[in-house]
Amino acid sequence: MENKKCISYGLEHEVGVIISRCYQCGKCTAGCVLAEEMDFSPSYLVRLLQTRTPGNDSRVLSSNAIWICLNCENCIARCPKEIDIPKAMDYLREQARHRRCINEQSQPVVAFHSAFLQSVKYTGRLYEIGLVAGFKARTFRVLQDVNLVPSMLIKGKLNLLPECIKNRQKMKKIFSQTIEKRKNRKV
C-alpha cells in the first residue's frame with residue numbers, strides 16, 4: 001500500500017507530477033541556471049522524493065533549492081519524460097509553508113513572495129512602495145537601502161500612492177477562489 005503521507009504521493013495525486021518516471025539522466029540539472037546555487041540539484045531533489053521516506057521528504061521541504069528555483073522551465077524542456085519540475089517546486093513550496101519547515105536562508109524569498117502577493121491582492125497591480133514596506137517589515141531590514149529612496153522619488157521611479165485597477169473586488173475574489181480551491185483539494 002502506498003504511503004499517502006509522503007510528498008511524492010501528493011505530487012502524483014494532487015498535482016499530476018509522477019516523479020517515479022524519472023530515470024535520473026540529469027538533463028534537468030544540466031539545464032538549470034541555478035543548479036550551482038542550490039543545496040540540492042533538481043535531479044537529486046527528484047531522487048530524494050522517489051525514495052518516499054519521511055526523512056528525505058523533510059530534507060526536500062527544508063531545502064533552499066525549492067525557493068531559489070526560477071520556474072524557468074528549462075528542466076521540463078530538457079526532460080525526456082517531461083516531468084514537470086516547476087509544477088513540483090510550486091507544490092513543494094506550498095507544503096513547506098504548510099508544514100512550517102522553511103529553510104532559514106529562504107526566509108527573505110518567502111517574505112518577498114508574501115509581500116508581492118499582498119500588494120497585488122489589494123491594488124490589482126504591483127505597488128512598489130507597498131512591496132518594499134511589506135518585505136522590510138517581514139525581514140526586519142527597515143533601514144537597508146533607505147538612502148536610495150529620495151533619489152528614486154525625485155526621478156519619478158516610485159509613486160507614493162498606489163495605482164489601482166478599476167474593480168479591486170474582482171482581484172480579491174480571484175485570491176479567495178484560489179484559496180478555496182486549495183482547501184478543497186486538501187480535503
Any donor and acceptor pair, going by atom type alone, linking the side chain of Thr29 with main-chain N or O of Ser43 inside 3.5 Å?
yes
Any sub-3.5 Å donor-acceptor pair from Glu128's side-chain atoms to Asn159's backbone N or O?
no
Taking all atoms of both residues into account, what is the closest heavy-atom pair of Glu104 and Pro108, and its distance?
O-CD, 4.3 Å
For Arg141 and Lys136, work out which heavy atoms get closest and say how close.
O-CD, 2.8 Å
Checking the side chain of Ser41 only, and the main-chain atoms of Tyr44 only, is there a donor and an acceptor separated by less than 3.5 Å?
yes
Checking the side chain of Ser114 only, and the main-chain atoms of Ala111 only, is there a donor and an acceptor separated by less than 3.5 Å?
no
Is there a side-chain contact between Lys5 and Pro54 (heavy atoms, below 4.5 Å)?
no
Check this for me: Arg168, atom CZ, are more than 12 non-hydrogen atoms of other residues, nucleotides or ligands nearer than 6.0 Å?
no
Could you go through the side chain to side chain contact (heavy atoms under 4.5 Å, CB included) check for Arg93 and Cys69 one step at a time?
CA-CA 10 Å; Arg93 290 180 194 121; Cys69 169; 3.5 Å; yes
Is the side chain of Asn56 donor-acceptor paired with the backbone N or O of Leu49 at a distance under 3.5 Å, no angle test?
no
Backbone N or O of Asn64 within a donor-acceptor pair of the Asp39 side chain at under 3.5 Å?
yes
If you count every heavy atom of other residues, nucleotides or ligands that lies below 6.0 Å from Lys81 atom NZ, does the total exceed 12?
no
Verify the cluster assignment for Phe116 and Phe175: are they in a single hydrophobic cluster under the rule of side-chain heavy atoms below 4.5 Å apart?
yes
Linked, directly or transitively: Leu92 and Leu70 (ILVMFWY side chains, under 4.5 Å):
no
Going only through I, L, V, M, F, W and Y residues with side-chain contacts under 4.5 Å, is there a path from Ile165 to Ile174?
no
Spacing of Cys32 atom SG and Glu37 atom CD [to the nearest 0.5 Å]:
9.5 Å
Output for pair (Met171 CE, Gln169 CD), nearest 0.5 Å, gives 11.5 Å
Residues Arg59 and Thr51: side-chain donor-acceptor under 3.5 angstrom
no
Shared ILVMFWY cluster between Phe135 and Val120, side chains joined below 4.5 angstrom?
yes
Within the 4.5 Å heavy-atom criterion, are Glu94 and Val15 side-chain neighbours or not?
no
Is any side-chain heavy atom of Cys75 less than 4.5 Å from a side-chain heavy atom of Pro86?
yes
With heavy-atom distances below 4.5 Å as the criterion, would you say the side chains of Tyr127 and Cys164 are in contact?
no
Taking all heavy atoms of Gly10 and all of Tyr91, pick out the closest pair and write down the distance.
CA-OH, 3.3 Å
So, do Ile76 and Ile85 sit near enough that their side-chain heavy atoms are less than 4.5 Å apart?
no
Residues in side chain to side chain donor-acceptor pair (under 3.5 Å) contact with Gln50, at least two apart in sequence or another chain:
Arg47
Before giving the answer on side chain to side chain contact (heavy atoms under 4.5 Å, CB included), spell out for Lys172 and Tyr122 the whole-Å C-alpha distance, their side-chain angles and the decisive distance to 0.1 Å.
CA-CA 7 Å; Lys172 289 181 181 180; Tyr122 292 108; 3.7 Å; yes
Identify the two heavy atoms, one from Gly31 and one from Asn74, that lie closest to each other, and give their separation to 0.1 Å.
O-ND2, 3.2 Å
Roughly how far apart are Tyr23 OH and Cys79 SG, rounded to 0.5 Å?
7.5 Å
Find out whether Arg138 and Phe112 are in side-chain contact, i.e. whether some heavy atom of one side chain is under 4.5 Å from a heavy atom of the other.
no
What is the distance from atom CG of Asp84 to atom CD1 of Ile18, rounded to the nearest 0.5 Å?
11.5 Å
Heavy atoms of other groups near Phe40 CZ, more than 12 under 6.0 Å:
yes
Which atom pair, heavy atoms only, marks the closest approach of Ile7 to Asp57?
N-OD2, 2.9 Å
From CD (Gln95) to CD1 (Ile102), nearest 0.5 Å
11.5 Å
Close side-chain approach of Asp145 to Val132, heavy-atom, < 4.5 Å
no
Is the shortest heavy-atom distance from the side chain of Leu45 to the side chain of Met89 under 4.5 Å?
yes
Heavy-atom closest pair, residues Pro80 and Cys25:
CD-SG, 3.8 Å
Measure the OG-CG distance between Ser119 and Leu131 for me, rounded to the nearest 0.5 Å.
6.0 Å
